[in-house]
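Predicted model, so just to flag it, every value in this text is computed and none were measured.
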Amino acid sequence: CSSCKGMKDKLLEAGIDFVDVPCDKDSEMCDQLESITGSSKYPMAIIKDRTKNLDYIYFSSFDYNELGKETTVNDRVIKVGFINPEEIIKKVNSI
C-alpha cells in the first residue's frame, strides 16, 4: 500500500536497515502483530533494542490516546501507536 511504501522510503532515506515482510508472505506474523496491537492498520514496525532486550512494536493509529504511548505487552514487548514514520526513525536513532 502507499503507506507501507512511504514508510519504507523514509527508512531508506534515513539509512536504516530493515526487513520488509509483506502480510501475504507471512500472514501468521501479521496476525500476531494485529493481536498484540489490537490494530489491523498498516504499516507496522518492530524495533529491536538489543541493549534492553526489548521489542518495540510501532503500529499505525489515529487514536490520540495511543500516539506515542508506550504500553507494556509483556517483559519483552512494548507497543507504541504512531501516525508517521518519522516517529519510528527517532526511536531507531535513540537506540
Do the side chains of V21 and F18 join up, straight or via other hydrophobic residues, at under 4.5 Å, putting them in one cluster?
no

Does a side-chain heavy-atom distance below 4.5 Å link I78 with L54?
yes

Return the set of residues passing salt bridge (charged side-chain N to carboxylate O under 4.0 Å, His left out) with K48 (not counting sequence neighbours), or none when no residue passes.
D55

Using side chain to side chain donor-acceptor pair (under 3.5 Å) as the criterion, list what pairs up with D49, not counting sequence neighbours.
T51

Once rounded to the nearest 0.5 Å, what's the spacing between atom OH of Y58 and atom CD of E70?
6.0 Å

Are V19 and I47 connected, step by step, through hydrophobic side chains (Ile, Leu, Val, Met, Phe, Trp, Tyr) whose heavy atoms are closer than 4.5 Å?
no

Tell me which pairs pass disulfide bond (SG atoms under 2.5 Å apart) where either residue lies in residues 53-95, with sequence neighbours left out.
none

Mind checking who shares a hydrophobic cluster with F62, ILVMFWY linked at side-chain heavy-atom distances under 4.5 Å?
L67, I83

May I have all residue pairs that pass disulfide bond (SG atoms under 2.5 Å apart) and include part of residues 41-95, sequence neighbours excluded?
none

Residues forming a side chain to side chain donor-acceptor pair (under 3.5 Å) with S60, sequence neighbours excluded
none

Strictly by disulfide bond (SG atoms under 2.5 Å apart), give each pair with a member in residues 6-64 just once, sequence neighbours left out.
C23-C30

Distance-only donor-acceptor hits, side chain of residues 2-14, under 3.5 Å, sequence neighbours excluded:
| residue | atom | partner | partner atom | Å |
| --- | --- | --- | --- | --- |
| K5 | NZ | D9 | OD1 | 3.4 |
| K5 | NZ | D9 | OD2 | 3.0 |
| K8 | NZ | D20 | OD2 | 3.1 |
| K10 | NZ | E86 | OE2 | 3.3 |

List the atom of F82, the atom of N84, and the distance in Å for their closest heavy-atom pair.
CD1-O, 3.3 Å

What I'd like to find out is whether the side chain of K79 reaches to under 4.5 Å of the side chain of Y56, using heavy atoms alone.
no

Minimum heavy-atom separation for E66 to F59, with atom names?
OE1-CE1, 3.5 Å

Which residue pairs satisfy the disulfide bond (SG atoms under 2.5 Å apart) criterion with at least one member in residues 42-95, sequence neighbours excluded?
none

In residues 88-95, what donor-acceptor pairs under 3.5 Å come from side-chain atoms, sequence neighbours left out?
| residue | atom | partner | partner atom | Å |
| --- | --- | --- | --- | --- |
| N93 | ND2 | I89 | O | 3.3 |
| S94 | OG | K91 | O | 2.8 |

Salt bridge (Lys or Arg N to Asp or Glu O under 4.0 Å) pairs, two or more places apart, involving residues 28-45
none

Consider only side-chain heavy atoms of I, L, V, M, F, W and Y, link residues closer than 4.5 Å, and tell whether V73 and V80 are in one cluster.
no

Partners of N74 by side chain to side chain contact (heavy atoms under 4.5 Å, CB included), sequence neighbours excluded?
R76, V77

How many angstroms lie between OG1 in T71 and CG in N65, if you round to the nearest 0.5 Å?
10.5 Å

